[in-house]
Amino acid sequence: MAETTIPLLPCRTSLIETAVEFYTALGFETTYLQKSPYAYAVVERGAVELQLYGMKDYDPASSHSGCYVLTDDVDGLHTAFRAGLKAAYGRIPTRGLPRIGPLKDMSYGVRQFLMTDPTGNTIRIGQPVSEDPNHRLAPKETFARALHMADLFADSKQDLPGAAKIIDRVLGLTDEHPTPVQRLRLLVLRGDIAQRMGDAEEAKVLLEEAAAVRLGPEDGEVAADALARLADLRS
């Protein structure tokens with residue numbers, strides 16, 4: 001016996017072709033598309049199949065729909081999707097709709113990135129890096145704990161104001177100071193959040209501050225994801 005689960009994702013009726021074009025840029029093949037008597041589309045990439053159904057008054061900005069895709073090469077997919085989006089849009093969209101997020105090692109044992117299509121569906125793509133799927137205990141050290149919690153609020157809970165509040169509090173401390181890598185990661189995440197919340201001026205200030213952080217020669221590898229995201233956000 002074999003079963004297959006296929007996500008059904010809502011889509012504003014007028015955007016269904018725009019959504020299909022987005023998935024085409026990612027290397028998906030459109031295997032079905034109809035406009036009447038209702039909008040419906042099917043896109044496939046390897047073993048991944050997504051079905052989109054039209055809703056006339058659907059609001060992409062308030063969407064909470066999506067699905068999780070597990071892979072054994074999350075870095076490769078992230079690279080391929082970024083290249084496809086750049087070829088299709090002339091840039092890599094990092095804010096607004098559509099957008100693609102950064103690679104991150106999450107506290108529940110996966111390395112993942114988030115991708116949101118033009119109609120607001122968020123596709124999480126992750127690769128297990130641990131056999132333990134449970135959330136790790138939050139670190140006790142102040143700045144490691146803040147990064148841990150802010151990542152969960154921003155990406156898992158999608159509570160951007162809550163994540164911003166966590167980061168702002170620790171960046172305002174005067175009796176404790178983060179390591180250069182911690183400061184870089186906090187500023188990049190906070191700048192990313194500011195952009196996603198539509199505050200371009202605050203994002204610019206935060207990202208300039210992040211770019212000015214001086215890392216040690218041994219920090220390059222551990223800071224690689226944050227530096228890549230910083231380059232994206234400033235482009």
Side-chain angles (χ1 to χ4, degrees), residues 2-9 19 22-29 42-52 63-88 92-95 98-117 120-139 144-145 147-160 163 181-182 184-186 188-189 192-193 196 219-233:
E3 290 80 29
T4 300
T5 298
I6 301 173
L8 302 180
L9 304 175
F22 170 80
Y23 286 105
T24 298
L26 300 176
F28 282 77
E29 177 187 359
V42 180
V43 294
E44 298 182 46
R45 189 184 194 278
V48 179
E49 177 178 336
L50 305 175
Q51 299 193 7
L52 305 165
S63 173
H64 293 281
S65 60
C67 65
Y68 205 108
V69 176
L70 288 176
T71 178
D72 59 4
D73 185 14
V74 70
D75 287 76
L77 278 183
H78 190 250
T79 298
F81 286 175
R82 283 165 52 89
L85 292 174
K86 186 172 184 179
I92 298 171
T94 59
R95 55 189 178 274
R99 64 178 178 270
I100 186 169
L103 277 168
K104 291 183 181 180
D105 293 317
M106 303 302 293
S107 64
Y108 38 88
V110 298
R111 179 168 173 77
Q112 74 173 23
F113 66 96
L114 274 59
M115 180 177 65
T116 304
D117 71 16
N121 296 301
T122 297
I123 314 299
R124 300 168 186 266
I125 301 177
Q127 178 176 356
V129 292
S130 168
E131 294 182 358
D132 180 6
N134 296 308
H135 278 287
R136 311 302 186 264
L137 293 175
R145 183 182 182 87
L147 282 164
H148 172 97
M149 296 304 299
D151 267 336
L152 291 178
F153 270 60
D155 288 345
S156 296
K157 193 178 179 183
Q158 297 204 49
D159 178 356
L160 298 181
V181 172
Q182 288 174 330
L184 172 72
R185 291 181 60 197
L186 287 164
V188 169
L189 179 54
D192 194 348
I193 291 168
R196 289 167 63 182
D219 292 333
E221 183 175 350
V222 69
D225 288 344
L227 290 171
R229 186 57 172 173
L230 176 61
D232 278 349
L233 294 172

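Numbers for residues simply follow the sequence, beginning at 1. Atoms considered below: every heavy atom in the structure, side chains included; atoms not considered: hydrogens, waters and symmetry mates.
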If I compare all heavy atoms of [X] with all of [Y], which pair ends up nearest, and what's the gap?
{"X": "Tyr108", "Y": "Ser156", "answer": "OH-OG, 3.2 Å"}
{"X": "Ala163", "Y": "Ile193", "answer": "CB-CD1, 3.6 Å"}
{"X": "Gln127", "Y": "Asp72", "answer": "NE2-O, 3.1 Å"}
{"X": "Asp192", "Y": "Thr94", "answer": "OD1-O, 4.5 Å"}
{"X": "Val74", "Y": "Ile125", "answer": "CG2-O, 3.6 Å"}
{"X": "Pro7", "Y": "Thr5", "answer": "CD-O, 3.9 Å"}

Hey, does the side chain of [X] reach the backbone of [Y] with a donor-acceptor pair shorter than 3.5 angstrom?
{"X": "Arg45", "Y": "Leu26", "answer": "yes"}
{"X": "Ser63", "Y": "Gly120", "answer": "yes"}
{"X": "His78", "Y": "Gly101", "answer": "yes"}

Is [Y] close to [X] at the side-chain level, that is, under 4.5 Å between some pair of heavy atoms?
{"X": "Met106", "Y": "Asp155", "answer": "yes"}
{"X": "Pro98", "Y": "Thr116", "answer": "no"}
{"X": "Val129", "Y": "Val110", "answer": "no"}
{"X": "Asp232", "Y": "Pro102", "answer": "no"}
{"X": "Lys104", "Y": "Asp225", "answer": "no"}
{"X": "Leu184", "Y": "Leu230", "answer": "yes"}
{"X": "His64", "Y": "Gln158", "answer": "no"}
{"X": "Gln112", "Y": "Thr71", "answer": "no"}

task = Apply side chain to side chain contact (heavy atoms under 4.5 Å, CB included) to the pair Asp159 and Leu152, showing each step before the final yes or no.
result = CA-CA 9 Å; Asp159 178 356; Leu152 291 178; over 6 Å; no

Nearest 0.5 Å, please: how far is [atom2] in [Y] from [atom1] in [X]?
{"X": "Leu103", "Y": "Arg111", "atom1": "CG", "atom2": "CZ", "answer": "4.5 Å"}
{"X": "Leu8", "Y": "Gln51", "atom1": "CG", "atom2": "CD", "answer": "5.5 Å"}
{"X": "Leu186", "Y": "Leu147", "atom1": "CG", "atom2": "CG", "answer": "4.0 Å"}
{"X": "Arg229", "Y": "Phe113", "atom1": "CZ", "atom2": "CZ", "answer": "11.5 Å"}

message = Under the rule for ring pair (Phe, Tyr, Trp, His ring centres under 6.0 Å), what residues qualify as partners of Phe81, not counting sequence neighbours?
response =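 Per chain and number, Phe81 pairs via ring pair (Phe, Tyr, Trp, His ring centres under 6.0 Å) with no residue.
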
Residues in ring pair (Phe, Tyr, Trp, His ring centres under 6.0 Å) contact with Phe22, at least two apart in sequence or another chain =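 Per chain and number, Phe22 pairs via ring pair (Phe, Tyr, Trp, His ring centres under 6.0 Å) with no residue.
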
request  = Could you tell me whether Arg95 atom CZ has more than 12 heavy atoms of other residues or ligands within 6.0 Å of it?
outcome  = no

task = Starting from the C-alpha separation in whole Å, work towards a yes-or-no answer on side chain to side chain contact (heavy atoms under 4.5 Å, CB included) for Asn121 and Leu52.
result = CA-CA 10 Å; Asn121 296 301; Leu52 305 165; 4.0 Å; yes

key: Chi angles and distances behind the side chain to side chain contact (heavy atoms under 4.5 Å, CB included) call for Tyr23, Val48   = CA-CA 12 Å; Tyr23 286 105; Val48 179; over 6 Å; no

Salt-bridge present (Asp151, Lys157; N to O < 4.0 Å) =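 Lys157 and Asp151: not salt-bridged.
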
query = Which is it for Ile123 and Asp117 under the side chain to side chain contact (heavy atoms under 4.5 Å, CB included) test, yes or no, and what are the steps along the way?
reply = CA-CA 8 Å; Ile123 314 299; Asp117 71 16; 5.6 Å; no

